[in-house]
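Worksheet: one structure, shown below.
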Amino acid sequence: MATPADKLAQSLAALKALQDAKAVAIRASDLTRVHRERLLKNGFIRDVMKGWYIPVRPDGPAGESTDWYASFWPFCAAYLTERFGEDWCLGAEHSIALHTGNWNVPRQLLVRATRGGNKPTGLLHDTSIFDLRLEVPAPQDIQIVDGMRLMRLPAALVACAPGHFAAHTVEMRAALAMISDASDVLARLLDGGHSSIAGRLAGAFRNIGRDQIAETITATMRTAGYTVNETDPFTDRPPVAIGQRETSPAVNRLRMSWAEMRGAVLERFPPAPGLPADVGAYLRQVEDVYATDAYNSLSIEGYRVSAELIERVRSGNWNPDNGADREHQDALAARGYWQAFQKIEETLSRILQGTNAGEAAQADHGTWYREMFGPSVAAGILKPADLAGYRSDPVFIRQSMHVPPRSEAVRELMPAFFDLLRDEREASVRVVLGHFFFVNIHPYFDGNGRMGRFLMNAMLASGGYPWTVIPLAERRRYMSALEVASVNRDIRPFAELLAELLAQR
C-alpha cells in the first residue's frame, strides 16, 4: 500500500513533467484532481485564479510574492493564448516598455483583443489583466517575444497615447532612439492618414535630436497631401545627448535615468568633505568598523552570522572542515566577506590617493566578487565557472516587481555604468546612484547587495565621507527605497536614507 510520501512523490512527478515541458501556467486540466489537491495542500502549487495555478516553493513564507513576480510574464502569455488564441496583443504602451527592456511587473497589464471583455481579471498580489475589446494589428505588426504578443515598435509608437510621452520620458526617448530610419513609421502613418500623429512623432524625434527623421516624416506626409503641424509631446529636453548611432535602449535608459536622478541626490545628500590628508587614519577607521559592517551586510542578505563567527574568520581560526561550519553556508559567506573586504581596502587606498573612483571600481570589482565567493568554490558548493563573470541567465529579486535586465543587456550596461561613475564629478551622486544602478542591473547571480554596498563605500571614500554601514534594523526601509527607485523611478527615499545613515557616523 502506497504511503503518503509515495503518493506525494507521484504528484511531484506529474508536476515535474509539466515543468520539464516549460509550463509555468498550469491549467486545472493539466493535472488530475488528486494530484492537484495534493500539491495544493503541500504547498507546491498555488491558485492564481479559478482553474489556473503556478508552481511555488513549499518553504516560502506566507504572502511571498517572488514566485508570482517571476512567473508573471510566462503566466500571462499562456493564459492569454489559451483564452484568445492568436487574436490578442499587448497595448502600445506595454509593448514599448518591453521593447526598451523594461520587464518590471505592472499593476495592470493592458491587452488588446477583438473578443476582449473590457474588464479586469484579478491576479495575485494586487496585479491584474485588463483585456480591451479593440482591433488587433495586422500580423505583420505583431512581434512575439518570449510568448508575449507585442505590437512592433513602429506600430506601437503610432498607436501610443499622446500623454505617455511626457509621463514616461526615459522609456519613450529610448524607444524613439531605436528607430534608425523613418520608413517603417511612415508606412503606418500614410496607410492610416494619421496627420496629427505624424506631427507628434516628428516633434518627438526632433526632441531627441533626430532631425532628419522628423523632416522626412513631415515632408513625406505633406507631399502625400496631408496637413502636418509638428508638435513636441515632451515637456522638456533630454537630460543627455542621445547619440545618432546608439540604439541600445538599455544603455540609453541608464544614461537618461542617471542624468534625471542627479538633481534629487544633490538636493538631499551632504557635500563631500574632500579626500582626507591622512590616508592611513582613514583606512584604520575602516578596519575598526569591519565587524559591524560584516554582521549587518550579511544579515541583510539573510545569513545568520554571529560576532563570534566574524571574529573567528578575521583571526584565521576558521576551519572549513569543522562540522558546525560545514552545516550551512553562513560561515562560507562570512569568510568570503572577509576576503573581499581586504581587497576593498586596497581599492580604497588607491582612490584615497587620487585614482579615479569609477576606474578603480571597474578594475577591481571582479576581484571583490571572486574573493567573496572563493570559499564556496573551495568547499565545492559553487563551480569555478561561477566566478567567470557576469550572469548568463535571468534572475529575480525576492518580493520585487523589478525584473533585472536580461543577460545580454548586462554586457552592454556594465561598461556604460562604469563610464558614468568615471565621469561623474559629484561624489554624492557616485555614492547614491552607483549603489542603486549596480543592484538595479543585478550583474551577478548572487551577492549583488553586498557588492552594491562595497561599491557605495568605495564611492564614499572618493569624496572623503566615512565608511557607512546600512544596519539590519533599516532593512525594510532600505529594500523599500530601492524598490521605489526601481519601479517608480523615485530616487529620493534612497538618497534620504543614505544621507541619514551618513549623518549618524
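This one's a predicted model, so the numbers in the text were calculated from it and none came from an experiment.
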| said: Keeping R430 on the side-chain end and G358 on the backbone end, is there a donor-acceptor pair under 3.5 Å? | reply: no
| query | Given side chains that start at C-beta, do those of Y295 and Y337 come closer than 4.5 Å, heavy atoms only? | reply | no
| query | Do R391 side-chain atoms and H442 backbone N/O form a donor-acceptor pair below 3.5 Å? | reply | yes
| query | Near F341 CZ, under 6.0 Å, is it more than 12 heavy atoms from other residues, nucleotides or ligands? | reply | yes
| note | So the salt bridge (Lys or Arg N to Asp or Glu O under 4.0 Å) pairs with at least one residue in residues 360-382 (sequence neighbours excluded) are R350-D364
| said: Using side-chain heavy atoms (C-beta onward) and a distance below 4.5 Å, is W103 in contact with V145? | reply: yes
| Does a side chain donor of either E426 or S428 reach within less than 3.5 Å of an acceptor in the other side chain? | no
| said: One pair to check against side chain to side chain contact (heavy atoms under 4.5 Å, CB included): M401 and R107. What are the steps and the verdict? | reply: CA-CA 9 Å; M401 299 180 81; R107 285 294 176 194; 3.6 Å; yes
| field | Heavy-atom pair with the smallest gap, counting every atom of L348 and N457 | value | CD2-O, 4.0 Å
| query | Can we say D236 and R173 salt-bridge, meaning some charged N sits less than 4.0 Å from an Asp/Glu carboxylate O? | reply | yes
| Under-4.0 Å salt bridge between K383 and D386 | no
| said: Would the distance check show the side chain of H435 and the main-chain N or O of G449 forming a donor-acceptor pair, the cut-off being under 3.5 Å? | reply: no
| remark: Between the OH atom in Y390 and the OG atom in S407, the distance rounded to the nearest 0.5 Å is 13.5 Å
| note | Of all heavy-atom pairs linking P276 and G464, the shortest is CD-CA, 4.2 Å
| message | Applying side-chain hydrogen bond (donor to acceptor under 3.5 Å, both in side chains), can you list everything that pairs with D181, at least two apart in sequence or on another chain? | response | S183
| message | Any side-chain to backbone donor/acceptor pair from R398 onto T66? Under 3.5 Å, distance only. | response | no
| message | Quick one, T235 and F165 - any side-chain contact, counting heavy atoms below 4.5 Å? | response | no
| remark: Sequence neighbours excluded, the answer for side-chain hydrogen bond (donor to acceptor under 3.5 Å, both in side chains) partners of R237 is none
| Is R492 salt-bridged to E267, cutoff N-O under 4.0 Å? | no
| Got a donor-acceptor contact below 3.5 angstrom from the N104 side chain to the V487 backbone? | no
| How many angstroms lie between CE in M459 and CG in L455, if you round to the nearest 0.5 Å? | 5.0 Å
| said: Whether the side chain of R453 engages the backbone of S297 through a donor-acceptor N/O pair (distance < 3.5 Å, no angle test) should be reported. | reply: yes
| query | Looking at residues at least two apart in the chain, or sitting in another chain, which of them share a side-chain contact (heavy atoms from CB on, under 4.5 Å) with N296? | reply | T292, V469, P471, L472
| Reported CG-to-CZ distance for the pair L498 and F269, which is rounded to 0.5 angstrom | 6.0 Å
| query | Do H125 and Y69 pass the side chain to side chain contact (heavy atoms under 4.5 Å, CB included) test, and can you show the C-alpha distance, the side-chain angles, and the key distance before you say yes or no? | reply | CA-CA 9 Å; H125 296 286; Y69 292 151; 4.0 Å; yes
| said: On a heavy-atom basis, which atom in L387 and which in G374 lie closest, and how many Å separate them? | reply: CD1-CA, 4.5 Å
| query | In terms of side-chain geometry, is the basic nitrogen of D20 or K16 positioned less than 4.0 Å from the acidic oxygen of its partner? | reply | yes
| query | Between H365 (side chain) and Q362 (backbone), is there a donor-acceptor pair under 3.5 Å? | reply | yes
| Are side-chain heavy atoms of L123 and F72 found at a separation under 4.5 Å? | yes
| Would you say S486's side chain and L482's backbone share a donor-acceptor pair under 3.5 angstrom? | yes
| Do Q399 and S65 get their side chains close enough for a donor-acceptor pair, meaning under 3.5 Å? | no
| said: Is there a side-chain contact between I179 and L153 in this structure, where contact means two heavy atoms from C-beta onward sitting under 4.5 Å apart? | reply: yes
| said: Any non-hydrogen side-chain atom of E93 less than 4.5 Å from a side-chain atom of C160? | reply: yes
| said: Taking side-chain contact (heavy atoms from CB on, under 4.5 Å) as the definition, give me every residue that meets it alongside R253, ordered by chain and number, with sequence neighbours left out. | reply: T100, N102, V170, A174
| query | Between R335 and Q339, does a side chain to side chain contact (heavy atoms under 4.5 Å, CB included) hold up when you go through it step by step? | reply | CA-CA 6 Å; R335 177 63 183 180; Q339 292 180 183; 3.1 Å; yes
| message | For a 4.5 angstrom cut-off between non-hydrogen side-chain atoms, does Y444 reach F438? | response | yes
| request: Answer yes or no: is there a donor N or O on one side and an acceptor on the other, between the side chain of H94 and the main chain of L109, under 3.5 Å? | output: no
| query | For Y79, which of W52, W73, W88 qualifies under ring-ring contact (aromatic ring centres under 6.0 Å, His included)? | reply | W52
| task | Please name the pair of heavy atoms, one in P493 and one in V484, separated by the smallest distance, quoted to 0.1 Å. | result | CG-CG1, 4.3 Å
| message | Do P443 and F417 have side chains that approach each other closer than 4.5 Å (heavy atoms only, starting at C-beta)? | response | no
| Yes or no on side chain to side chain contact (heavy atoms under 4.5 Å, CB included) for V111 and L90, after CA distance, side-chain angles and deciding distance? | CA-CA 4 Å; V111 176; L90 295 190; 4.1 Å; yes
| query | Strictly by modelled atom types, are D293 and W467 linked by a side-chain donor-acceptor pair under 3.5 Å? | reply | yes
| said: Between S349 and Q353, do the side chains contain a donor N or O and an acceptor N or O under 3.5 Å apart? | reply: yes
| said: I'd like to check the side-chain hydrogen bond (donor to acceptor under 3.5 Å, both in side chains) partners of E500; sequence neighbours left out, ordered by chain and number. | reply: R477
| Closest non-hydrogen atom pair, L332 against S376 | CB-OG, 4.0 Å
| task | Compute the ring centroids of Y369 and F445, then answer whether they are less than 6.0 Å apart. | result | no
| note | In this structure, CG of D67 is separated from CG of L124 (nearest 0.5 Å) by 10.0 Å
| Check: E260/T169 side-chain N/O donor and acceptor closer than 3.5 Å | yes
| Is the backbone of I397 close enough, under 3.5 Å, to the side chain of H402 for a donor and an acceptor to pair up by distance? | no
| remark: Rounding to 0.5 Å, atoms CD (E359) and CG (L421) come to a distance of 11.0 Å
| message | With rounding to the nearest 0.5 angstrom, report the OG to CZ distance, S180 to R210. | response | 8.0 Å
| request: Compare every heavy atom of A175 with every heavy atom of L157, then report the nearest pair and how far apart it is. | output: CD2-CB, 4.3 Å
